[in-house]
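This report concerns only the one structure given below.
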Amino acid sequence: MILVTGGAGFIGSHTCVELLNSGYEVVVVDNLCNSHKTSLERVEKITGKKLSFEQADVRDAVALDGIFSKYHIDCVIHFAGLKAVGESVQKPLEYFDNNLNSSLVLCDVMKKHNVHNLVFSSSATVYSGDNKMPLKEDSKTGDCTNPYGWTKYMSEQIFKALCVADPQMSVVLLRYFNPIGAHESGLIGEDPRGIPNNLLPYVSQTAVGIREKVTVFGDDYPTPDGTGVRDYIHVVDLARAHICAVEYAEKHKGCDVFNIGTGRGTSVLEIIKAFSEASSINVPYQIGPRRPGDLPVCYADCSKAKNVLGFETKYDIKRMCADSWRWQKNNPKGYAK
């Protein structure tokens, strides 16, 4: 059985679909502070399979201990945590408390119950801004530009130290780049609370009429069209990577890290154009000033994931935008009834 912390969220729910379809039993632990239980009901509808759900905060050691006692858990996929870069600057203590304490409590309870396999939801934000592109797993990390990035970096240090102290442990760190898209059914997708922090939800909400227009932060970068370039990956591809990581953790001890992206960069204007074509709506946008800390270009070298995990992406930007639009069109208010 796989325990999925934060499994009702955007990436978590899509990973639950892939886990169930791969024959795993799944128990989700989520406090629903930034997610909806409806997503899990729809996961069951998509797969035709049941999962178990426990509403709890991963920082609650007593509750988590009870869950580990109730279920026979073989591996943990740890998504739970706050994830808005901008918000982390405004609420640093909340982010350090939530993201670091959840990791510490989880490790302690896993140790108590002799559970040794863990897949962690890390991020490309752990990389320093002065690296050459593409980013490789051994590129420089640290010097993070926001508290959210530091919580991912520090969590990685916790898991690495744990593996040194306990040779039974197997930890796979997956450094995500920019997950977008939605399940092809249109039943689950990204449902940010309030104003979206990421580009794609803002573009899709603009297309559906919730937002007036998209602001493009800077058009004078040294890139082909002057706008920032990022490595976008379909959330279903990202979810599939977790299946490979679970299988890898079962066979290998110690701590290993993998970039999970496509290895290709796409500019902001290319995303807006692709989404306009997918939705048949001319998404309005305006050019604004650069944001502090934004890099001109950021994309991954994904060769290690291919060579070691056997993982490759399937979906291109056109498919990512088409699936995002289907979700947004079918659920203009997200999971809200």
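Residue numbers start at 1 and run along the sequence shown.
Around atom CD of Glu25, no more than 12 heavy atoms belonging to other residues, nucleotides or ligands sit under 6.0 Å away. Sparse packing is recorded around CD1 of Ile195, with 12 or fewer heavy atoms of other residues, nucleotides or ligands lying under 6.0 Å away. Heavy-atom neighbours of Glu212 CD from other residues, nucleotides or ligands within 6.0 Å: at or below the threshold of 12. More than 12 non-hydrogen atoms from other residues, nucleotides or ligands lie less than 6.0 angstrom from NZ of Lys304. Within 6.0 Å of the NZ atom in Lys253, the count of heavy atoms belonging to other residues, nucleotides or ligands exceeds 12. More than 12 non-hydrogen atoms from other residues, nucleotides or ligands lie less than 6.0 angstrom from NZ of Lys160.
Between Arg175 and Glu156 a salt bridge is recorded (basic side-chain N to carboxylate O distance below 4.0 Å). The existence of a salt bridge linking Arg59 and Asp97 is confirmed by a sub-4.0 Å separation between a basic side-chain nitrogen and an acidic carboxylate oxygen. Using a cutoff of 4.0 Å between basic side-chain nitrogens and carboxylate oxygens, Lys136 and Asp138 are not scored as salt-bridged. Under a 4.0 Å N-O distance rule, the pair Lys111/Asp166 does not qualify as a salt bridge. With respect to the salt-bridge test (charged N to carboxylate O, under 4.0 angstrom), the residues Asp130 and Lys140 qualify. Using a 4.0 Å cut-off between charged nitrogen and carboxylate oxygen, Asp220 and Arg290 count as a salt-bridge pair. We find that Glu312 and Lys306 are joined by a salt bridge, their nearest charged nitrogen and carboxylate oxygen being less than 4.0 Å apart.
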- Task: Check step by step if side chain to side chain contact (heavy atoms under 4.5 Å, CB included) holds for Leu106 and Leu118.
- Result: CA-CA 10 Å; Leu106 177 62; Leu118 174 70; 4.1 Å; yes

- Task: Test Thr47 against Asn21 for side-chain hydrogen bond (donor to acceptor under 3.5 Å, both in side chains), laying out the working first.
- Result: CA-CA 6 Å; Thr47 61; Asn21 283 340; 5.1 Å; no

- Could you go step by step and tell me if Asp219 and Thr227 meet the side-chain hydrogen bond (donor to acceptor under 3.5 Å, both in side chains) rule? CA-CA 5 Å; Asp219 66 346; Thr227 64; over 6 Å; no

- Message: Checking Ile2 against Val4 for the side chain to side chain contact (heavy atoms under 4.5 Å, CB included) test, could you report, in this order, the C-alpha distance in whole Å, the side-chain angles of both residues, the deciding distance, and whether it holds?
- Response: CA-CA 6 Å; Ile2 311 294; Val4 184; 4.1 Å; yes

- Query: Passes side chain to side chain contact (heavy atoms under 4.5 Å, CB included), Glu184 versus Arg319? Steps please.
  - Reply: CA-CA 9 Å; Glu184 63 182 0; Arg319 174 65 182 268; 3.1 Å; yes

- Take Tyr95 and Asn146 through the side chain to side chain contact (heavy atoms under 4.5 Å, CB included) test and state the conclusion after the steps. CA-CA 10 Å; Tyr95 269 69; Asn146 56 77; over 6 Å; no

- Query: Between Tyr71 and Glu54, is a side-chain hydrogen bond (donor to acceptor under 3.5 Å, both in side chains) present by the stated rule, with each step listed?
  - Reply: CA-CA 11 Å; Tyr71 301 93; Glu54 301 284 343; 2.6 Å; yes

- Task: Given side-chain hydrogen bond (donor to acceptor under 3.5 Å, both in side chains), test Tyr148 with Asn197 step by step and report yes or no.
- Result: CA-CA 13 Å; Tyr148 166 75; Asn197 290 284; over 6 Å; no

- Message: Set out, in order, the CA-CA distance, both residues' side-chain angles and the distance that settles salt bridge (Lys or Arg N to Asp or Glu O under 4.0 Å) for Asp323 and Arg326, then state yes or no.
- Response: CA-CA 5 Å; Asp323 288 343; Arg326 186 182 303 107; 2.6 Å; yes

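Contact annotation: the side chain of Leu200 approaches that of Ile271 to within less than 4.5 Å [non-hydrogen atoms, C-beta and beyond]. Between Val216 and Gln286, every side-chain heavy-atom pair lies at or beyond the 4.5 Å cut-off. A 4.5 Å side-chain heavy-atom check between Leu135 and Tyr299 finds every atom pair outside the cut-off. In this structure the side chain of Glu270 never reaches within 4.5 angstrom of the side chain of Ile317, judged on heavy atoms. Taking 4.5 Å as the limit, some side-chain heavy atom of Met169 sits within range of a side-chain heavy atom of Met110. Inter-residue side-chain proximity for Thr206 and Pro284 is flagged as met; some heavy-atom pair is nearer than 4.5 Å. Residues Asp301 and Met133 are not in side-chain contact: their nearest non-hydrogen atoms beyond the backbone lie 4.5 Å or more apart. When side chains are defined from C-beta on, Ile158 counts as touching Leu104, because their heavy atoms get closer than 4.5 Å.
Here NZ of Lys251 is found 12.0 Å from CG of Asn117. Values are rounded to the nearest 0.5 Å. To the nearest 0.5 angstrom, Asp237 atom CG is 7.5 Å from Lys314 atom NZ. A distance of 9.0 Å separates OG of Ser88 from CG of Asn99, quoted to the nearest 0.5 Å. Distance CD1/Ile188 to CD/Glu41: 12.5 Å, rounded to 0.5 Å. Separating the CE atom in Met1 from the CG atom in Leu19 is a distance of 11.0 Å, to the nearest 0.5 Å. Remark: Cys144 SG to Lys152 NZ distance equals 12.0 Å, nearest 0.5 Å.
Residues Ser35 and Asp30 bring a donor and an acceptor atom of their side chains to less than 3.5 Å of each other. Arg42 and Asn331 share a side-chain donor-acceptor pair at under 3.5 Å.
Each of Asn178, Val236, Thr262 was scored for a side-chain contact (heavy atoms from CB on, under 4.5 Å) with Met320, with one residue passing: Thr262. Just one residue in the list Tyr176, Tyr24, Tyr248 forms a ring-ring contact (aromatic ring centres under 6.0 Å, His included) with His242, and that residue is Tyr176. Among Leu187, Val235, Asp191, the single residue meeting the side-chain contact (heavy atoms from CB on, under 4.5 Å) criterion with Trp327 is Asp191.
In this structure, Lys213 forms no cation-pi arrangement with Tyr285, as its terminal cationic atom is not both closer than 6.0 Å to the ring centre and no more than 45° off the ring axis. A cation-pi arrangement is not found for Arg230 relative to Phe177, the charged atom failing to lie both closer than 6.0 Å to the ring centre and inside a 45° cone about the ring normal.
Applying the ring pair (Phe, Tyr, Trp, His ring centres under 6.0 Å) rule to Phe217 yields no partners; only residues at least two apart in sequence or on another chain are considered. Residues passing the ring pair (Phe, Tyr, Trp, His ring centres under 6.0 Å) test with His78 are Phe120, sequence neighbours excluded.
Residues in residues 25-69 take part in these ring-ring contact (aromatic ring centres under 6.0 Å, His included) pairs, two or more places apart or across chains: His36-Tyr335, Phe68-His113.
No donor-acceptor distance shorter than 3.5 angstrom exists from the side chain of Asn101 to the backbone of Asn98, with no hydrogens or angles considered. Within the 3.5 Å criterion, the main-chain N or O of Gly86 finds no donor-acceptor partner in the side chain of Gln90.
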